Amino acid sequence: MAKHVLRGVTVVYVLFLLVLPVALITWRTFGDGLGPFVEALTSPSALHAFKVTIVVAGWAVLANTVFGVGAALLLVRHRFPGKRLLGAFIDLPMAVSPVVVGLALILVYGRFSPAGGLLESWGVQVIFSTPGMVIATVFVALPLVVRAVVPVLEELGDEQEQAAHTLGASRLQTFVRITLPGIRWALGYGIVLCLARSLGEYGAVAVVSGRLVDQTQTLTLFVEERFQNFDQPAAFAAATALALIAVVTLLLTKLLRPKDRIDGN
(Lines give C-alpha, C1' and ligand atoms only; values in the text may rest on other atoms or scores of the structure.)
Protein backbone atom coordinates (compact mmCIF):
# COMPACT_ATOMS: atom_id res chain seq x y z
CA MET A 1 0.00 0.00 0.00
CA ALA A 2 2.75 2.43 0.99
CA LYS A 3 4.57 1.70 -2.27
CA HIS A 4 1.52 2.62 -4.36
CA VAL A 5 0.90 5.81 -2.36
CA LEU A 6 4.52 6.89 -2.75
CA ARG A 7 4.41 6.13 -6.46
CA GLY A 8 1.21 8.13 -6.88
CA VAL A 9 2.60 11.11 -4.97
CA THR A 10 5.77 11.06 -7.09
CA VAL A 11 3.83 10.90 -10.36
CA VAL A 12 1.50 13.75 -9.35
CA TYR A 13 4.43 15.84 -8.13
CA VAL A 14 6.36 15.43 -11.40
CA LEU A 15 3.20 15.90 -13.46
CA PHE A 16 2.22 19.26 -11.97
CA LEU A 17 5.73 20.58 -11.40
CA LEU A 18 7.39 19.59 -14.67
CA VAL A 19 5.26 17.84 -17.28
CA LEU A 20 2.25 20.16 -17.37
CA PRO A 21 4.20 23.45 -17.57
CA VAL A 22 6.44 22.14 -20.36
CA ALA A 23 3.49 20.61 -22.19
CA LEU A 24 1.55 23.89 -21.92
CA ILE A 25 4.45 25.89 -23.35
CA THR A 26 4.79 23.40 -26.19
CA TRP A 27 1.06 23.56 -26.91
CA ARG A 28 1.08 27.38 -26.93
CA THR A 29 4.11 27.32 -29.23
CA PHE A 30 2.66 25.02 -31.87
CA GLY A 31 -0.99 25.97 -31.43
CA ASP A 32 -0.96 27.89 -34.73
CA GLY A 33 1.26 25.45 -36.57
CA LEU A 34 4.97 25.20 -37.26
CA GLY A 35 5.19 28.43 -39.30
CA PRO A 36 5.06 30.93 -36.40
CA PHE A 37 7.61 28.84 -34.49
CA VAL A 38 10.10 28.94 -37.36
CA GLU A 39 9.41 32.62 -38.04
CA ALA A 40 9.97 33.56 -34.40
CA LEU A 41 13.26 31.69 -34.16
CA THR A 42 14.60 33.08 -37.44
CA SER A 43 14.06 36.74 -36.58
CA PRO A 44 17.27 38.83 -36.37
CA SER A 45 16.96 39.26 -32.59
CA ALA A 46 16.40 35.54 -31.99
CA LEU A 47 19.30 34.55 -34.24
CA HIS A 48 21.56 37.03 -32.45
CA ALA A 49 20.46 35.62 -29.09
CA PHE A 50 21.30 32.12 -30.33
CA LYS A 51 24.72 33.33 -31.48
CA VAL A 52 25.52 35.01 -28.16
CA THR A 53 24.35 31.94 -26.25
CA ILE A 54 26.54 29.60 -28.30
CA VAL A 55 29.59 31.86 -27.97
CA VAL A 56 29.22 32.27 -24.20
CA ALA A 57 28.45 28.60 -23.59
CA GLY A 58 31.26 27.45 -25.89
CA TRP A 59 33.94 29.46 -24.12
CA ALA A 60 32.56 28.49 -20.70
CA VAL A 61 32.59 24.77 -21.55
CA LEU A 62 36.12 24.99 -22.97
CA ALA A 63 37.43 26.79 -19.87
CA ASN A 64 35.67 24.46 -17.44
CA THR A 65 36.81 21.35 -19.32
CA VAL A 66 40.48 22.36 -19.15
CA PHE A 67 40.16 23.50 -15.54
CA GLY A 68 38.02 20.53 -14.55
CA VAL A 69 40.48 17.89 -15.79
CA GLY A 70 43.43 19.71 -14.24
CA ALA A 71 41.67 20.24 -10.92
CA ALA A 72 40.48 16.61 -10.80
CA LEU A 73 44.04 15.35 -11.38
CA LEU A 74 45.32 17.71 -8.70
CA LEU A 75 42.72 16.62 -6.15
CA VAL A 76 43.08 12.88 -6.80
CA ARG A 77 46.76 12.39 -7.67
CA HIS A 78 48.44 14.85 -5.29
CA ARG A 79 48.55 15.66 -1.60
CA PHE A 80 49.10 19.24 -0.50
CA PRO A 81 48.07 21.63 2.29
CA GLY A 82 44.64 23.12 1.72
CA LYS A 83 43.38 20.27 -0.47
CA ARG A 84 40.01 20.09 1.29
CA LEU A 85 39.70 23.87 1.17
CA LEU A 86 40.28 23.81 -2.59
CA GLY A 87 37.57 21.17 -2.96
CA ALA A 88 35.20 23.34 -0.95
CA PHE A 89 35.94 26.38 -3.13
CA ILE A 90 35.28 24.33 -6.28
CA ASP A 91 31.85 23.40 -4.90
CA LEU A 92 31.08 26.99 -3.87
CA PRO A 93 29.11 27.87 -7.04
CA MET A 94 26.56 25.20 -6.12
CA ALA A 95 25.77 27.06 -2.90
CA VAL A 96 25.97 30.71 -4.01
CA SER A 97 23.08 32.38 -5.80
CA PRO A 98 23.95 33.28 -9.42
CA VAL A 99 22.63 36.80 -8.80
CA VAL A 100 25.20 37.20 -6.02
CA VAL A 101 27.87 35.99 -8.43
CA GLY A 102 26.84 38.61 -10.98
CA LEU A 103 26.92 41.38 -8.38
CA ALA A 104 30.35 40.26 -7.16
CA LEU A 105 31.70 40.34 -10.71
CA ILE A 106 30.43 43.90 -11.14
CA LEU A 107 32.22 44.90 -7.93
CA VAL A 108 35.46 43.35 -9.20
CA TYR A 109 35.36 44.12 -12.93
CA GLY A 110 33.02 47.13 -13.08
CA ARG A 111 34.14 50.38 -14.66
CA PHE A 112 34.66 52.08 -11.30
CA SER A 113 36.58 49.23 -9.67
CA PRO A 114 40.42 49.16 -9.77
CA ALA A 115 40.61 45.99 -11.87
CA GLY A 116 37.76 46.96 -14.18
CA GLY A 117 39.07 50.49 -14.64
CA LEU A 118 42.53 49.17 -15.50
CA LEU A 119 41.13 46.73 -18.05
CA GLU A 120 38.98 49.41 -19.66
CA SER A 121 42.02 51.68 -19.94
CA TRP A 122 43.54 48.86 -22.00
CA GLY A 123 40.42 48.70 -24.15
CA VAL A 124 38.96 45.58 -22.53
CA GLN A 125 35.37 45.90 -21.29
CA VAL A 126 34.27 43.03 -19.05
CA ILE A 127 30.93 44.04 -17.58
CA PHE A 128 28.03 44.54 -20.02
CA SER A 129 29.92 42.61 -22.68
CA THR A 130 30.73 39.04 -23.70
CA PRO A 131 33.80 38.55 -21.43
CA GLY A 132 31.74 39.26 -18.31
CA MET A 133 29.02 36.88 -19.45
CA VAL A 134 31.60 34.17 -20.08
CA ILE A 135 33.18 34.65 -16.65
CA ALA A 136 29.77 34.49 -14.96
CA THR A 137 28.86 31.31 -16.85
CA VAL A 138 32.22 29.72 -16.09
CA PHE A 139 31.67 30.36 -12.40
CA VAL A 140 28.19 28.86 -12.14
CA ALA A 141 29.21 25.71 -14.08
CA LEU A 142 32.64 25.35 -12.48
CA PRO A 143 32.16 22.15 -10.39
CA LEU A 144 30.43 19.98 -12.99
CA VAL A 145 33.39 18.59 -14.94
CA VAL A 146 35.51 18.25 -11.79
CA ARG A 147 32.89 16.29 -9.88
CA ALA A 148 32.21 14.03 -12.86
CA VAL A 149 35.89 13.11 -13.34
CA VAL A 150 37.11 12.82 -9.73
CA PRO A 151 35.26 9.57 -8.81
CA VAL A 152 36.44 7.85 -11.99
CA LEU A 153 40.05 8.86 -11.38
CA GLU A 154 39.80 7.48 -7.87
CA GLU A 155 38.45 4.17 -9.20
CA LEU A 156 41.12 3.91 -11.88
CA GLY A 157 44.00 4.34 -9.47
CA ASP A 158 47.46 5.35 -10.61
CA GLU A 159 49.15 1.96 -11.14
CA GLN A 160 49.07 2.16 -14.94
CA GLU A 161 50.31 5.75 -14.89
CA GLN A 162 53.22 4.82 -12.63
CA ALA A 163 54.08 1.91 -14.89
CA ALA A 164 54.10 4.25 -17.90
CA HIS A 165 56.44 6.65 -16.10
CA THR A 166 58.72 3.73 -15.22
CA LEU A 167 58.91 2.78 -18.90
CA GLY A 168 59.98 6.31 -19.80
CA ALA A 169 56.70 7.93 -20.87
CA SER A 170 56.38 11.66 -20.32
CA ARG A 171 53.52 13.16 -18.34
CA LEU A 172 51.80 14.27 -21.54
CA GLN A 173 52.14 10.83 -23.12
CA THR A 174 50.82 9.20 -19.98
CA PHE A 175 47.83 11.51 -19.88
CA VAL A 176 46.98 11.05 -23.56
CA ARG A 177 47.46 7.27 -23.69
CA ILE A 178 46.49 6.15 -20.18
CA THR A 179 44.51 8.75 -18.22
CA LEU A 180 42.35 10.30 -20.93
CA PRO A 181 40.99 6.99 -22.32
CA GLY A 182 40.10 5.93 -18.79
CA ILE A 183 38.11 9.07 -18.00
CA ARG A 184 36.61 9.73 -21.44
CA TRP A 185 33.06 8.70 -20.51
CA ALA A 186 33.09 10.70 -17.28
CA LEU A 187 34.64 13.66 -19.09
CA GLY A 188 31.96 13.54 -21.77
CA TYR A 189 29.29 13.36 -19.08
CA GLY A 190 30.73 16.37 -17.29
CA ILE A 191 31.02 18.36 -20.51
CA VAL A 192 27.38 17.71 -21.39
CA LEU A 193 26.27 18.78 -17.91
CA CYS A 194 28.44 21.90 -18.16
CA LEU A 195 27.00 22.72 -21.58
CA ALA A 196 23.44 22.33 -20.32
CA ARG A 197 24.13 24.56 -17.31
CA SER A 198 25.82 27.16 -19.50
CA LEU A 199 23.04 27.27 -22.10
CA GLY A 200 20.34 27.70 -19.46
CA GLU A 201 22.09 30.18 -17.18
CA TYR A 202 20.05 33.28 -16.39
CA GLY A 203 20.73 34.95 -13.03
CA ALA A 204 24.44 35.79 -13.20
CA VAL A 205 24.31 36.55 -16.92
CA ALA A 206 21.31 38.85 -16.45
CA VAL A 207 23.27 40.94 -13.94
CA VAL A 208 26.56 41.29 -15.82
CA SER A 209 25.17 41.53 -19.37
CA GLY A 210 22.99 44.61 -18.91
CA ARG A 211 20.34 42.79 -21.02
CA LEU A 212 21.14 44.88 -24.08
CA VAL A 213 18.87 43.78 -26.92
CA ASP A 214 20.77 42.57 -29.99
CA GLN A 215 24.05 43.03 -28.11
CA THR A 216 24.35 41.04 -24.86
CA GLN A 217 21.13 39.09 -24.92
CA THR A 218 21.30 35.32 -24.55
CA LEU A 219 18.37 33.05 -25.36
CA THR A 220 17.15 32.96 -21.76
CA LEU A 221 17.21 36.76 -21.61
CA PHE A 222 15.46 36.86 -24.99
CA VAL A 223 12.59 34.78 -23.57
CA GLU A 224 12.09 37.20 -20.68
CA GLU A 225 12.38 40.33 -22.82
CA ARG A 226 9.93 39.06 -25.46
CA PHE A 227 7.41 37.95 -22.83
CA GLN A 228 7.55 41.27 -21.00
CA ASN A 229 7.00 43.06 -24.31
CA PHE A 230 3.90 40.92 -25.04
CA ASP A 231 5.54 39.08 -27.92
CA GLN A 232 4.32 35.73 -26.66
CA PRO A 233 4.91 33.71 -29.86
CA ALA A 234 8.61 34.57 -29.82
CA ALA A 235 8.88 33.97 -26.08
CA PHE A 236 7.16 30.58 -26.28
CA ALA A 237 9.19 29.57 -29.34
CA ALA A 238 12.50 30.37 -27.63
CA ALA A 239 11.36 28.65 -24.43
CA THR A 240 10.44 25.54 -26.43
CA ALA A 241 13.84 25.59 -28.11
CA LEU A 242 15.49 25.68 -24.68
CA ALA A 243 13.27 22.82 -23.53
CA LEU A 244 14.23 20.74 -26.58
CA ILE A 245 17.90 21.40 -25.85
CA ALA A 246 17.30 20.25 -22.28
CA VAL A 247 15.68 17.02 -23.49
CA VAL A 248 18.58 16.28 -25.83
CA THR A 249 21.02 17.03 -23.01
CA LEU A 250 19.14 14.67 -20.71
CA LEU A 251 19.37 11.87 -23.27
CA LEU A 252 23.10 12.49 -23.70
CA THR A 253 23.71 12.42 -19.95
CA LYS A 254 21.91 9.08 -19.74
CA LEU A 255 24.11 7.69 -22.48
CA LEU A 256 27.33 9.10 -21.03
CA ARG A 257 26.72 8.47 -17.33
CA PRO A 258 29.86 6.58 -16.26
CA LYS A 259 28.23 3.76 -14.29
CA ASP A 260 30.02 0.64 -15.46
CA ARG A 261 32.54 2.34 -17.71
CA ILE A 262 35.26 3.27 -15.27
CA ASP A 263 37.57 0.74 -16.85
CA GLY A 264 37.51 2.77 -20.08
CA ASN A 265 35.96 0.00 -22.19
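For reference, positions follow the sequence shown, starting with 1. Just so it is clear, the structure is predicted and the values come from calculations on it, not from any experiment.
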* Does CZ in Phe80 sit with more than 12 non-hydrogen atoms of other residues, nucleotides or ligands closer than 6.0 Å? -> yes

* Rounded to the nearest 0.5 Å, what's the gap from CD on Glu154 to CG on Leu75? Could you check? => 9.0 Å

* CD1 of Ile178 to CG of Asp158: how many Å apart, nearest 0.5 Å? -> 12.0 Å

* Minimum-distance pair of heavy atoms, taken over all atoms of Phe37 and Ala237 -> CE1-O, 3.5 Å

* Asked: Any side-chain heavy atom of Val145 sitting closer than 4.5 Å to one from Phe67?
  -> no

* Structure fact -> Applied to residues 83-96, the salt bridge (Lys or Arg N to Asp or Glu O under 4.0 Å) test, sequence neighbours excluded, yields Asp91-Arg147

* Closest contact, heavy atoms only, Leu107 versus Ser113 -> O-CB, 3.2 Å

* Flag, side chain of Glu201 to backbone of Ala204, donor-acceptor distance under 3.5 Å -> yes

* Nearest 0.5 Å, what's the CG-CZ distance between Leu73 and Arg171? -> 10.5 Å

* What's the verdict on side-chain contact (heavy atoms from CB on, under 4.5 Å) for Val55 and Thr130, showing C-alpha distance, side-chain angles and the deciding distance? -> CA-CA 8 Å; Val55 169; Thr130 301; 4.2 Å; yes

* Nearest-0.5 Å distance that lies between atom CD1 in Ile106 and atom CZ in Phe112 -> 12.0 Å

* **Nearest heavy atoms of Gly68 and Val146, plus distance in Å** => CA-CG2, 3.4 Å

* Asked: Is Tyr202 close to Pro98 at the side-chain level, that is, under 4.5 Å between some pair of heavy atoms?
  -> no

* Asked: Is the shortest heavy-atom distance from the side chain of Val149 to the side chain of Tyr189 under 4.5 Å?
  -> no

* When rounded to the nearest 0.5 angstrom, what is the spacing between SG in Cys194 and CD1 in Ile191? -> 8.0 Å

* To do: Verify the cluster assignment for Leu103 and Val140: are they in a single hydrophobic cluster under the rule of side-chain heavy atoms below 4.5 Å apart?
  => no

* Asked: Of all heavy-atom pairs between Ala239 and Val223, which one has the smallest distance, and what is that distance?
  -> N-CG2, 3.7 Å

* Asked: Are the side chains of Thr10 and Tyr13 in touch, meaning some heavy atoms are under 4.5 Å apart?
  -> no

* Structure fact -> Closest heavy-atom pair, Ser198 versus Val61, reported as atoms and distance to 0.1 Å, is OG-CG2, 4.2 Å

* Asked: So, do Ile183 and Leu156 sit near enough that their side-chain heavy atoms are less than 4.5 Å apart?
  -> yes

* Asked: Is there a side-chain contact between Gln217 and Leu212 (heavy atoms, below 4.5 Å)?
  -> no

* Does a sphere of radius 6.0 Å around CZ in Phe30 hold more than 12 heavy atoms from other residues, nucleotides or ligands, not counting ones at 6.0 Å or beyond? -> yes

* **Atom CD of Glu39 with >12 non-hydrogen neighbours under 6.0 angstrom** => no

* Structure fact -> Only residue of Thr53, Val56, Val208 satisfying side chain to side chain contact (heavy atoms under 4.5 Å, CB included) with Thr137 is Val56

* Asked: Same hydrophobic cluster for Leu24 and Val14, using side-chain heavy-atom links shorter than 4.5 Å among ILVMFWY?
  -> no

* Structure fact -> dist Arg211:CZ -> Thr218:OG1 (nearest 0.5 Å) comes out at 10.0 Å

* Which is it for Trp59 and Val138 under the side-chain contact (heavy atoms from CB on, under 4.5 Å) test, yes or no, and what are the steps along the way? -> CA-CA 8 Å; Trp59 281 110; Val138 167; over 6 Å; no

* Asked: Heavy-atom count around Phe236 CZ within 6.0 Å, excluding the residue itself: above 12?
  -> yes

* To do: Could you state whether Leu47 and Ile54 fall into the same hydrophobic cluster, counting links through intermediate Ile, Leu, Val, Met, Phe, Trp or Tyr residues with side-chain heavy atoms under 4.5 angstrom apart?
  => no

* Asked: Just wondering, more than 12 heavy atoms not from Gln125 lying within 6.0 Å of its CD?
  -> yes

* Evaluate the side-chain proximity of Leu199 to Leu219: yes if any heavy-atom separation is below 4.5 Å, no if none is. => no

* To do: Determine whether Met94 and Leu193 fall in the same hydrophobic cluster, where Ile, Leu, Val, Met, Phe, Trp and Tyr are linked whenever their side-chain heavy atoms lie under 4.5 Å apart.
  => no

* Apply side-chain contact (heavy atoms from CB on, under 4.5 Å) to Phe222 and Val213, showing your working. => CA-CA 8 Å; Phe222 176 81; Val213 178; over 6 Å; no

* Enclosure of Arg77 CZ (heavy-atom neighbours >12, cutoff 6.0 Å) -> yes

* Gln228 (side chain) donor-acceptor with Glu225 (main chain) under 3.5 angstrom -> no

* Asked: Hey, mind stepping through Thr220 and Leu242 against side-chain contact (heavy atoms from CB on, under 4.5 Å) and telling me if it holds?
  -> CA-CA 8 Å; Thr220 52; Leu242 286 171; 3.8 Å; yes

* Asked: Between Leu74 and Leu86, is any pair of side-chain heavy atoms under 4.5 Å apart?
  -> yes

* Structure fact -> Shortest non-hydrogen pair, Thr216 vs Phe128, comes out as CG2-O, 3.7 Å

